[in-house]
Every structure is written in C-alpha cells, then in structure tokens.
Amino acid sequence: MKNKVYDILRKVPKGRVTTYKEIAKAVDTKAYQAIGQILKRNPYAPDVPCHRVVRSDGTIGGFRGRREGKAVTDKKNMLKKEGIEFERDRIKEFEVVLFSF
DNA sequence: CGCAGATGGCTAG
DNA sequence: CTAGCCATCTGCG
C-alpha cells in the first residue's frame, strides 16, 4: 500500500498540497500515521515530494520533528516557490492549494 | 534473516 | 491536553 502512497503523492501537481488523511483515503488505508513515517524517511525523495504533504490542519507536520527549524525553512521555501504561502509553519491558503484525489 | 522498539499524525474523552 | 491506534521504518544479534 505504501507503493500506492507514493503513486498518489506523485500525482500531486505543483503548487498543491495534500494531507496525510487524504492520502490514506486515496490508498484505502486507515493508517495515515504510517504516511508520516513514509514521508519522513521518504525513500523516493525526487519522485515523492513529501514536502507537499501537510497535516489536516495545514501545519507542515513531522518535517520539523528532527531538524528543528532548518528543514522547515527549507520545505517552506520550496512550497513558497511553488506558489504556496506560509503563515509561520502553517499554510495560508491551505484550503485553496489542498489537492483532493 | 528475523524480531523488537520507536516513530508519526488523527480521533475521542 | 492526554492517551491510544495502525502501519511502517530503523537498529541490533
């Protein structure tokens, strides 16, 4: 199923983001928690833009868990370049850029 | 190669 | 706010 997760996530267009829950639903899995792990240790770094995945409330989520602050800035910068505005560590137009499968 | 521990986000009270 | 849940990932022998 994780394979599907990657596949789904790869479908996310530039400038859009998704939530762990949405992915879980898309892959027919209730363990959206596992998505966090998958993205954290994203083995498909270039194929799967894990930085486009956020929490259900618009926060970037576990991306700041380990590299407190530094990685966050990086992700935010990447998303910002794609046209996603950030409010601190939360997405501003989250509902707008939110991509539904 | 196999097992166990730990992680990560969402829901409910 | 805290605790629990499910699926996955990592480390060690």
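So that the names make sense, note that chain A is the first sequence line, chain B the second, and so on, each numbered from 1.
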- Message: Using heavy-atom distances to pick each residue's nearest nucleotide on DNA chain C, tell me which of A:Tyr32 and A:Pro43 is more 5'.
- Response: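 It is A:Tyr32 whose nearest nucleotide is closer to the 5' end.
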Considering residues, nucleotides and ligands other than [X], do more than 12 of their heavy atoms fall under 6.0 Å from its [atom1]?
| X | atom1 | value |
| --- | --- | --- |
| A:Lys92 | NZ | no |
| A:Asn3 | CG | yes |
| A:Arg10 | CZ | yes |

- Query: Under 4.0 Å between a side-chain N/O of A:Arg55 and OP1 or OP2 of B:dC10, yes or no?
  - Reply: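 A:Arg55 to B:dC10 OP1/OP2: side-chain N or O found under 4.0 Å.
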- Message: Under 4.0 Å from OP1 or OP2 of B:dT7: is there any side-chain N or O of A:Lys40 that close?
- Response: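 Answer no for this pair, as no side-chain N or O of A:Lys40 is under 4.0 Å from OP1 or OP2.
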Using whole Å, report how far [atom1] of [X] lies from [atom2] of [N].
| X | N | atom1 | atom2 | result |
| --- | --- | --- | --- | --- |
| A:Ile60 | B:dG8 | CD1 | P | 13 Å |
| A:Lys25 | B:dC10 | NZ | P | 13 Å |
| A:Gln33 | B:dA12 | CD | C1' | 14 Å |
| A:Asn42 | B:dG8 | CG | C1' | 15 Å |

- Query: Between the main-chain N or O of A:Arg55 and the side-chain N or O of A:Lys21, is there a donor-acceptor pair closer than 3.5 Å?
  - Reply: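 It does not hold such a pair.
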- Message: Go through it in stages, so that I can follow the logic: the residues are A:Val12 and A:Phe101, the test is side chain to side chain contact (heavy atoms under 4.5 Å, CB included), and I'd like the CA-CA distance, side-chain angles, deciding distance and then a yes or no.
- Response: CA-CA 9 Å; A:Val12 179; A:Phe101 297 101; 4.0 Å; yes
- Of the non-hydrogen atoms in A:Ile60 and A:Phe86, which two are nearest, and what is the gap between them?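 Reported closest heavy-atom pair: CG2-CE2, 3.4 Å.
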- Task: For DNA chain C, note the earliest and the latest nucleotide, 5' to 3', having some atom under 4.0 Å of a heavy atom belonging to chain A.
- Result: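 The contact span of chain A on DNA chain C goes from C:dC5 to C:dT10.
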